[in-house]
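Quantities reported herein were computed from a predicted structural model and do not represent experimental measurements.
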Amino acid sequence: MRRLRLLALPLLFTACAEEAAPAAPAAQVIPLTPTEHLVRAAMALTGTRPPLAALQVVAADPAALEPSIDRLLEMQQFGETIRDLHNDALLMRFDLQLLPHVDKLAERGYTRAEVNRSVMEEPLRLIEQVVVEDRPYTEIVTTGTTMADQVVADVWGLDYDEGAGGWQELPWEDGRPAAGILSTSALWYRHRSAGFNLHRERANLVSKALLCWDFLARELPIDGSIDLSDPKAVAHAVVINEDCASCHVTLDPLAGYFSSFRPFLLEQLITSYPVAMYQPENADEWIETTGRPPGYFGDQGGDVAALGRKIAADPRFSLCAARRFYGYLAGVDPASVSIEILAPLQQRFVESGFSAKALARAVVLSEAFRASHATDEASAAALPGYKKARPEQLARLFADLTGFRWEATIPFELDGAPFGKVDLASSDLFGFRSLAGGIDSYYVTTPTRTMSTSASLFLRRYAARAAGHVVEADFAAAADARKLLRRVEAETSDEASVRAQLVDLHLRLYGEVLEPGDVPITESWSIFRGVLQRTGDVRHAWKTLLTAMLQDLKVAYY
């Protein structure tokens, strides 16, 4: 009897196991730690790492995270990020669009790089001004002002205060309608309307950038019988042919709003400044071209100021802003962002009175943004995970961490004028922006969000130069004025002191909260010690170690 009971035990346990078998663990998305979250938010909003003190405070008290993020929104670098974000939509930063070096530009001795950089930044600076002052974001399409430095004022003819200098918010003097970036001369200088395009490219730019509605993305059959080389045949087709008219019935009226702006500039014919881009006498040219009066998706009438107001009131405008902010800050394709993520962001944006700061804050505090990884393969594959730093972010990061800017003065002239100094991380004509994963706003219009061979080589060379710079600069400065090496001196080599410095470096560079005896600290100490044993040079040991740390994927990603 006893034996039977013993034999029955496995069966009993099996039955109990079958009845009480736990369900497979649900997939979980693991969030970042508070310090990791702060690092990601800081990189997204400013392109810099948080200060060491802020990381230490958040490590001790996670409740300090949100106030730390609020401080990020007040930093100068946040404004630079806003310009970068909107350049993805407006594609302004094109190195090869160069105005003639004549008249005022030649008299003041500007370099070609200075002129191109200033002129192309005009609409981006206006958006930055609206955002950093926390004005309603709708002002980017309704304000009657623009932003100008001395170069922009000379080129377009603005009443600039030379005594004050810098970038100034100024009204237009030629009576153009108040429509924010839609009235800026630089936007329409950059985006031309040549031949029989009749401002359609400009109309699609506005629709795509501000409404996330791209006419060219529509899937439509193409009628191969139309002679596209014949302007009259094309003009007839966009009215009569159903396939063509389905787009042009809304595209052409939208294009009609830009008739008052010069379709393009022939740089070779410019002999003096300022140049007039606004030409109100051409406002009715649509009568002789498309035959369709200005209109906004069926709402006819008005000038470009009316267009700006219609865009600002369109729910697609706030949704598109949420899509672009989340896409840029989270390092993903804006078109791929789900409505489940966007809907609460759009709601917060509208309820805040169209505060772009509130929108940016909501993005970096969202669950989707702070997701680190998932516990199952399917969820992990769908999770964007870590974000790759763009070249503009890396430029700000290295400048903040090390004080180093990778700049070069180009040693030749174009049309009698020196090209001048360029930042190699944000230039394509002579720099590495697109090779590092950025865009050149003309040939390359989509960033690379994963590492490539050229991006890796760029980071390696950047890290080596920055490391060499910061070691020499730090050891030449007082401890409290240094960037990274505050706990050691040029002759310090004892293990305890170096490990203490490494704890600070891992926190500052990677957001890692470690103890002196932890494995990552030991690994870094091993590199330092190995170089020191071979060379006997403490500076060389720090340069080698920092070169390795600054090119780590923990810097390339965040």
Side-chain angles (χ1 to χ4, degrees), residues 29-32 36-37 39-49 81 84-89 91 93 212 217 323-338 341-342 363-364 366-398 401 406 423-428 431-464 466 509-512 547-558:
V29 174
I30 308 303
L32 299 169
E36 290 171 336
H37 189 181
V39 168
R40 179 176 289 184
M43 281 297 296
L45 294 172
T46 68
T48 63
R49 291 292 199 261
T81 296
D84 296 343
L85 186 161
H86 287 86
N87 185 64
D88 275 11
L91 302 175
R93 293 169 176 166
C212 295
R323 183 178 297 280
R324 291 204 174 277
F325 271 68
Y326 186 87
Y328 185 91
L329 297 176
V332 298
D333 180 4
S336 70
V337 185
S338 69
I341 291 175
L342 292 177
V363 167
V364 299
S366 66
E367 291 185 12
F369 179 87
R370 67 172 177 260
S372 171
H373 60 280
T375 57
D376 68 299
E377 290 188 14
S379 299
L383 193 68
Y386 282 89
K387 323 299 180 186
K388 178 180 174 291
R390 300 274 287 268
E392 294 89 350
Q393 290 174 299
L394 288 174
R396 290 196 289 275
L397 175 63
F398 281 106
L401 290 176
W406 199 0
D423 185 323
L424 297 178
S426 57
S427 170
D428 293 289
F432 311 112
R433 178 170 53 191
S434 55
L435 290 173
I439 65 173
D440 66 11
S441 299
Y442 193 87
Y443 300 105
V444 181
T445 57
T446 302
T448 303
R449 296 185 173 89
T450 57
M451 286 298 284
S452 64
T453 302
S454 58
S456 179
L457 291 172
F458 167 79
L459 181 59
R460 288 174 60 184
R461 181 58 62 89
Y462 210 157
L509 300 183
Y510 307 145
E512 295 176 339
T547 296
M549 294 185 76
L550 289 171
Q551 65 179 280
D552 194 291
L553 286 179
K554 296 172 187 175
V555 170
Y557 287 84
Y558 55 90

- Can you tell me which residue pairs pass the salt bridge (Lys or Arg N to Asp or Glu O under 4.0 Å) test with a partner in residues 549-558, sequence neighbours excluded? Glu512-Lys554

- Which residue, Gln393, Lys387, Lys388, forms the side-chain hydrogen bond (donor to acceptor under 3.5 Å, both in side chains) with Tyr558? Gln393

- Note on the structure: Heavy atoms of Ala464 and Thr547 approach each other most closely as CA-OG1, 3.7 Å

- Task: Of all the heavy-atom pairs spanning Trp406 and Asp423, show the shortest one and how long it is.
- Result: O-OD1, 3.6 Å

- Task: Locate the shortest heavy-atom distance separating Thr81 from Gly47; write the atom from each residue and the value.
- Result: OG1-N, 4.3 Å

- Do the non-hydrogen side-chain atoms of Tyr442 and Arg93 ever get within less than 4.5 Å of each other? no

- Note on the structure: Taken to the nearest 0.5 Å, the spacing of Leu424 CG from Leu435 CG works out to 11.5 Å

- Message: If you compare all heavy atoms of Val29 against all heavy atoms of Ala371, which two are closest, and at what distance to 0.1 Å?
- Response: CG1-CB, 3.5 Å

- Message: Check this for me: Arg449, atom CZ, are more than 12 non-hydrogen atoms of other residues, nucleotides or ligands nearer than 6.0 Å?
- Response: yes

- Query: Quick one: do the Asp440 and Ser434 side chains pair a donor with an acceptor below 3.5 Å?
  - Reply: no

- Mind listing the closest non-hydrogen atom pair of Ala455 and Ala436 along with its distance? CB-O, 3.9 Å

- Evaluation steps, side chain to side chain contact (heavy atoms under 4.5 Å, CB included), between Phe325 and Leu85: CA-CA 7 Å; Phe325 271 68; Leu85 186 161; 4.0 Å; yes

- Query: What's the verdict on side chain to side chain contact (heavy atoms under 4.5 Å, CB included) for Leu91 and Ile439, showing C-alpha distance, side-chain angles and the deciding distance?
  - Reply: CA-CA 9 Å; Leu91 302 175; Ile439 65 173; 4.0 Å; yes

- Message: Which residues pass the salt bridge (Lys or Arg N to Asp or Glu O under 4.0 Å) test with Arg396, not counting sequence neighbours?
- Response: Glu80, Asp84

- Message: Arg40: which residues meet the salt bridge (Lys or Arg N to Asp or Glu O under 4.0 Å) condition with it, sequence neighbours left out?
- Response: none

- Message: Would you compute the distance between atom CG of Leu401 and atom CZ of Arg49 and round it to the nearest 0.5 angstrom?
- Response: 7.0 Å

- Between atom CZ of Phe398 and atom CG of Leu459, what is the distance when rounded to the nearest 0.5 Å? 5.0 Å

- Would you say Thr450 and Thr448 make side-chain contact, with heavy atoms under 4.5 Å? yes

- Message: Looking at every heavy atom in both Tyr386 and Leu32, which two are closest together, and how far apart are they?
- Response: OH-CD2, 4.1 Å

- Message: Within the 4.5 Å heavy-atom criterion, are His37 and Pro31 side-chain neighbours or not?
- Response: no

- Is Leu394 close to Phe458 at the side-chain level, that is, under 4.5 Å between some pair of heavy atoms? yes

- Task: Answer whether the closest heavy-atom distance between the side chains of Asn87 and Ser441 falls below 4.5 Å.
- Result: yes

- Message: Quick one: does any side-chain atom of Ser456 pair with a main-chain N or O of Thr453 as donor and acceptor, under 3.5 Å?
- Response: no

- Query: Any side-chain heavy atom of Val332 sitting closer than 4.5 Å to one from Tyr326?
  - Reply: yes

- Item | Distance (rounded to the nearest 0.5 Å) between Leu397 CG and Leu550 CG | 8.0 Å

- Please confirm whether the backbone N or O of Val337 pairs with a side-chain atom of Arg323, one donor and one acceptor, at under 3.5 Å? yes

- Query: Heavy-atom distance under 4.5 Å between the side chains of Glu392 and Arg433, does that happen here?
  - Reply: yes

